[in-house]
Amino acid sequence: HVVMTARREMADIYAGEPDAVFSAASASARRHYATPTEGGYDLAILNAYPKNLDITQSMMALNVSFYGNESIVCKGGTVVVTTPASDGTVLHCLGGEDMVGYVAPSGDVMKGHRLVVVSPGLNQHDVQVYFPPETTHFQTWEAAVKYLFELHGDACRACVVECATLQLLKGIL
């Protein structure tokens, strides 16, 4: 089992009895991927790299704003996912649009926070189908920044989580 760095290099490598390997690799991942944060930001920018080739993988960036981390942004705050999504939506087995396993995203999933998706590889239809209703989509970072400044002003508190698809937040867990 290999624990990779954000630069696609090996951080640690393990072999042996499966349970022991998994346990050791999990501990390594916690050390390498833990990001300290205090939470309560007006704005959290979550970069989907390295799982950023398609919409399904890119959505994993949202994991750092759920599962006990909902307070990463304050009430009325905005979560931003940035991804090129160069492969677009692609077909992920039965979970794609019009497939038997597709579940339309719920509006309550964002728990009162705004969601913005910045991606040149996605269109408005893709965003409406795979992200919660009320998600705002921009194809350029410049357009998103203008919108975010209008919402929060230039004195907002913001955090940037690089490689959000891999990160574990510490401090607000």
Side-chain angles (χ1 to χ4, degrees), residues 1-14 21-90 92 95 103 105-106 108-122 126-127 130-132 134-138 140-141 144-145 147-148 151-152 156-173:
H1 188 83
V2 176
V3 176
M4 304 296 289
T5 71
R7 291 188 166 80
R8 299 182 190 176
E9 298 166 342
M10 282 192 292
D12 289 312
I13 187 167
Y14 300 90
V21 166
F22 180 79
S23 180
S26 294
S28 171
R30 281 188 196 90
R31 283 191 312 277
H32 289 285
Y33 303 145
T35 302
T37 183
E38 58 191 56
Y41 298 99
D42 300 305
L43 180 63
I45 301 168
L46 313 176
N47 183 308
Y49 179 85
K51 297 180 180 184
N52 61 359
L53 291 180
D54 63 67
I55 197 168
T56 303
Q57 296 296 314
S58 297
M59 288 171 65
M60 289 183 201
L62 286 170
N63 289 345
V64 299
S65 62
F66 295 111
Y67 310 114
N69 295 328
E70 289 86 354
S71 62
I72 189 172
V73 293
C74 62
K75 185 175 181 175
T78 304
V79 175
V80 179
V81 174
T82 63
T83 178
S86 54
D87 287 347
T89 56
V90 303
H92 280 279
V103 176
S106 167
D108 61 347
V109 72
M110 291 305 297
K111 303 195 185 299
H113 303 134
R114 282 182 212 87
L115 176 60
V116 172
V117 175
V118 182
S119 177
L122 301 175
D126 298 336
V127 172
Y130 290 96
F131 287 95
E134 310 298 321
T135 298
T136 305
H137 171 241
F138 295 98
T140 68
W141 179 243
V145 167
Y147 172 78
L148 294 169
L151 278 178
H152 297 288
C156 76
R157 291 185 62 242
C159 72
V160 176
V161 182
E162 296 180 88
C163 305
T165 56
L166 301 175
Q167 292 302 305
L168 304 168
L169 299 183
K170 291 188 336 187
I172 60 172
L173 293 174

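Start at 1 with the first residue, then count along the sequence.
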With side-chain contact (heavy atoms from CB on, under 4.5 Å) as the test, would you mind laying out the steps for M4 and E9 before giving the verdict? CA-CA 5 Å; M4 304 296 289; E9 298 166 342; 5.9 Å; no

Measuring from T82:OG1 to W141:CH2, what's the distance to the nearest 0.5 Å? 6.5 Å

Which heavy atom of S28 sits nearest a heavy atom of Y14, and at what distance? CB-OH, 3.2 Å

Hey, could you give me the NZ/OG1 distance between K51 and T56, rounded to the nearest 0.5 Å? 12.5 Å

Hey, what do you get for CG (L168) to OH (Y33), rounding to the nearest 0.5 Å? 9.0 Å

Measure the OH-NE2 distance between Y41 and H152 for me, rounded to the nearest 0.5 Å. 14.5 Å

Note: V116 and T78 closest approach over all heavy atoms is CG2-CG2, 3.7 Å

Within 6.0 Å of CZ in R31, more than 12 heavy atoms from elsewhere: yes

Please report the C-alpha distance between S119 and H137 in whole Å, then the side-chain angles of each, then the deciding distance to 0.1 Å, and finally whether the side-chain hydrogen bond (donor to acceptor under 3.5 Å, both in side chains) criterion is met. CA-CA 8 Å; S119 177; H137 171 241; 5.2 Å; no

Atom pair SG/CD1 of C159 and I45 - distance to nearest 0.5 Å: 8.0 Å

Is it true that a side-chain atom of R157 and a backbone atom of L43 form a donor plus acceptor pair closer than 3.5 Å? no

For the student: nearest non-hydrogen atoms of V161 and Q167, plus distance: CG1-CG, 3.6 Å

Verify side-chain hydrogen bond (donor to acceptor under 3.5 Å, both in side chains) between H32 and D12, making sure each step is shown before the conclusion. CA-CA 10 Å; H32 289 285; D12 289 312; 3.2 Å; yes

Is a side-chain N or O of T135 found less than 3.5 angstrom from the main chain of F131, in a donor-acceptor match? no

Does the T83 side chain pair with the main chain of N52, one donor and one acceptor, at a distance under 3.5 Å? yes

Could you check V145, V118, V160, L115 and say which one makes a side chain to side chain contact (heavy atoms under 4.5 Å, CB included) with V80? V118

Test L151 against R114 for side-chain contact (heavy atoms from CB on, under 4.5 Å), laying out the working first. CA-CA 10 Å; L151 278 178; R114 282 182 212 87; 3.7 Å; yes

Look only at the side chain of N47 and the backbone of C163, and say whether a donor-acceptor pair between them is shorter than 3.5 Å. no

Compare every heavy atom of P50 with every heavy atom of T165, then report the nearest pair and how far apart it is. OG1-CD, 3.5 Å

Heavy-atom closest contact (L46 atom, A164 atom, distance): CB-CB, 3.8 Å

Is there a side-chain contact between V117 and L122 (heavy atoms, below 4.5 Å)? yes

Nearest heavy atoms of S58 and V81, plus distance in Å: O-CG1, 4.1 Å

Backbone of F22 reached by a side-chain donor or acceptor of S26 within 3.5 Å: yes

